[in-house]
Protein chains: 2
Amino acid sequence: MTVTLRRTSRPSPSSDQGEAPQRRLGRPRCEDSRRSILKAAIALLKTNDLPAISADAIAERAGVSKATIYRWWPNKSAIVMEAFLEMVAPHTRFPETDSAMEDLRVHLGRVAEVCQSDIGRMLRTLIADSQANAELAAAMRAHYFSVRRADARKVIERGIASGEFRGDLDTEAAIDCLYGPIVFRLMINPVAPDAEFVNRMIALLRQAFLKRSDRRNVTGR
Amino acid sequence: MTVTLRRTSRPSPSSDQGEAPQRRLGRPRCEDSRRSILKAAIALLKTNDLPAISADAIAERAGVSKATIYRWWPNKSAIVMEAFLEMVAPHTRFPETDSAMEDLRVHLGRVAEVCQSDIGRMLRTLIADSQANAELAAAMRAHYFSVRRADARKVIERGIASGEFRGDLDTEAAIDCLYGPIVFRLMINPVAPDAEFVNRMIALLRQAFLKRSDRRNVTGR
DNA sequence: GTACATACGATACGCCTAGTATCATATATC
DNA sequence: GATATATGATACTAGGCGTATCGTATGTAC
C-alpha cells in the first residue's frame with residue numbers, strides 16, 4: 001500500500017473511487033525515481049532538520065529533476081511523510097504473550113528505542129510540521145496514529161477480556177496515558193525517552209490497569 | 001523578570017555577571033517599541049501559524065522598523081517565546097485544597113482550558129519550532145516546562161507527605177503521566193484537550209496515585 | 001552647551017528557497 | 001505512427017530572512 005499525499009491538482013487515474021489498477025495511457029511513472037526521492041529524503045533527514053533540507057538538495061541527491069518531485073508531491077512534508085510511512089514507520093508489532101501488561105511494556109520499550117534512532121527525529125519533525133500543515137496532520141493521524149491506537153486498543157481489550165485488566169478500564173484514556181508521556185518526552189526533552197523511562201511509567205500505570213488481585217509482585221524497573 | 005533570548009552578538013551591559021542595573025550610556029532602549037513588538041507578534045499568532053508570519057509583518061503591525069526587531073531578537077521564535085513567557089504564559093497557579101489529587105485535577109483542567117485558547121496555538125507553535133531550534137528548545141525548558149514541573153512536583157510531594165498518595169509514588173513518572181497525555185493530545189489531535197479529557201485521565205491515574213484506602217468513592221467523570 | 005554613545009526609522013540589498021513554467025525528449029498504449 | 005504522459009534541464013517569479021548603511025533622536029558625562 002502506497003500512501004501518497006498527492007498534489008491536489010493531480011487528477012485521480014480513473015473516476016474518483018475504485019482502486020482501478022488499470023494501466024493509464026502514456027509513459028508510466030518511473031518507480032525508480034520515486035523510490036530514490038524517498039530514500040534521498042530519508043538520508044538527508046538523518047543529519048538535518050526538515051527546514052534545513054531543500055527540494056533542490058533532495059533532487060540532486062536522488063539524481064532527479066526538481067520538476068519531477070513537484071509533479072508528484074505538493075511539498076517537502078508530503079515527501080517526508082510518505083517516506084516515513086512507507087519505509088521506516090515502525091513495523092514494531094506488539095508481542096503477544098499471556099500478559100497484556102507485559103505486551104504493552106515491551107512494545108513501548110521498542111517505541112522508545114525507535115525514538116532514539118533517526119526515526120525519532122523524523123517523527124519529531126513530522127509532528128512539528130503538522131502544526132502548520134493541516135493536510136500533513138490529517139495524513140499522520142489517518143495513516144499512523146490511528147493505526148497505532150487501534151493496535152494498542154486491541155491489546156488493552158484483550159487484557160480486559162482475560163480479566164488481567166480492570167473491567168472498567170477506560171481504554172482510550174489508557175492509550176493516551178501510554179503514548180502521551182513518550183511523545184511528550186520526545187518533543188520536549190533533548191534526550192529521547194529510553195527503556196528505563198518506559199519501565200518507570202509502566203510501573204506506575206500498572207496500578208491503574210491491573211485488577212486488584214494482580215497488583216502484587218510488581219517489578220518492571 | 002524579562003526573559004529575553006538575546007542576540008548572541010549583543011554584548012551584555014556590564015561584565016558578564018551581576019545584575020548591574022546601572023544606566024548605560026547613550027539613548028536607552030525604547031520600552032514602547034519592545035512591548036508593541038511583542039503584542040504584534042501575539043496578535044498575528046492568533047490567526048496565523050508562525051511560518052506564516054514575517055518579520056516585516058510584525059514590524060509593520062508594531063509600527064516599528066524591522067531593524068529594531070533584529071537588533072534585539074535573533075529570530076522570530078525568540079520574539080514569540082518572549083511574548084509567550086511574559087504576556088500569556090499561564091499564571092495558572094495550582095489550587096491548594098486538602099486533596100492533592102483534586103488540586104492536580106483542577107489544575108490540569110485549567111491547563112486544558114488554556115490549550116483551547118489562542119495560547120494553546122502558541123504553545124503548539126513553540127514546541128513545534130523547538131524541534132529545529134535548539135536555543136528555543138532550551139529556553140522553553142528552562143523558563144516554562146521546568147517551572148511547571150517544579151509546581152507539580154510540590155503538589156505531588158505534598159500528597160505523599162500527607163498520606164494521600166502512595167508512599168512509593170514515582171514523582172517524575174507521575175508528572176510525565178499527567179502532562180504527557182495533554183501535550184500529546186494538543187500536538188496530534190485537531191481538537192484540543194478539554195475538561196472531560198482531563199477528568200477521564202485523572203479517573204484512571206488516581207488508581208495509581210492514591211493509597212489503597214482512598215481508592216473507593218471515585219468520581220471525576 | 002558640546003561630546004559621546006547608543007537606539008530608532010527607512011531603505012536597499014544579498015542570499016536562499018519554494019514552487020511554477022517551458023520545452024525538448026523518452027516511453028508507454030492503441 | 002498517433003497519442004498521452006513522464007522526465008530532465010533550466011529559467012523564472014515571489015517572498016522571506018537577516019544584514020548593512022545612514023541620517024536622526026535621545027540619553028549621559030563633562
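Below, read A as the first sequence line, B as the second, and so on, with proteins coming before strands; counting in each chain starts at 1.
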Could you tell me whether the side chain of Lys66(A) has a donor or acceptor atom within less than 3.5 Å of a complementary atom in the base of dG8(D)?
no
Side-chain touch Arg34(A)/Glu86(A), heavy atoms, less than 4.5 angstrom
yes
Where the side chain of Ala67(B) is defined as all heavy atoms beyond and including C-beta, which of dT11(C), dA7(C), dT10(D) is the nearest nucleotide?
dT11(C)
Using only modelled atom types and a 3.5 angstrom limit, is any donor from either the side chain of Arg27(A) or the base of dA26(C) paired with an acceptor on the other?
yes
Pick base, sugar-phosphate or nothing for Ile58(A), based on heavy-atom distances below 4.0 Å to the nucleic acid.
nothing
Are any of Thr68(A)'s side-chain N or O atoms less than 4.0 Å away from OP1 or OP2 of dG8(D)?
yes
Between dT22(C) atom P and Tyr70(A) atom OH, what is the distance in whole Å?
18 Å
For Asn133(B) and dG18(D), what is the distance between atoms CG and P respectively, to the nearest whole Å?
10 Å
Would you mind checking if Asp103(A) and Arg158(A) are paired as a salt bridge, meaning a charged N to carboxylate O distance below 4.0 Å?
yes
In terms of the nearest nucleotide of DNA chain D, which residue is placed more toward the 5' end: Pro28(B) or Pro51(B)?
Pro51(B)
Tell me: CD1 of Ile79(A) to C1' of dA18(C), nearest whole Å?
11 Å
Figure out the CG/C1' separation between Asp129(A) and dA18(C), and round it to whole Å.
13 Å
I need the CZ-C1' distance between Arg71(B) and dT21(D), as an integer number of Å.
12 Å
Trp72(A) atom CH2 is separated from dT5(D) atom C1', nearest whole Å, by 9 Å
So what does Ala55(B) touch, heavy atoms closer than 4.0 Å: a base, only the sugar-phosphate, or nothing?
sugar-phosphate
Close side-chain approach of Arg121(B) and Lys46(B), heavy atoms under 4.5 Å:
no
Could you say whether Lys76(A) or Gly63(B) is positioned toward the 5' end of DNA chain C, judged by the nucleotide with the nearest heavy atom to each?
Gly63(B)
Under 30°, 30 to 60°, or over 60°: which ring-plane class applies to His107(A) and Phe94(A), parallel, tilted or perpendicular?
parallel
Residue whose nearest DNA chain D nucleotide is more 5′ - Asp56(B) or Leu25(B)
Asp56(B)
Can you tell me how far P of dA18(C) sits from CD1 of Ile53(A), to the nearest Å?
10 Å
Specify the separation, in whole Å, of atom CZ of Arg34(B) and atom P of dG9(C).
15 Å
Aromatic plane relationship, Tyr144(A) with Phe84(A) - under 30° parallel, 30 to 60° tilted, over 60° perpendicular
perpendicular
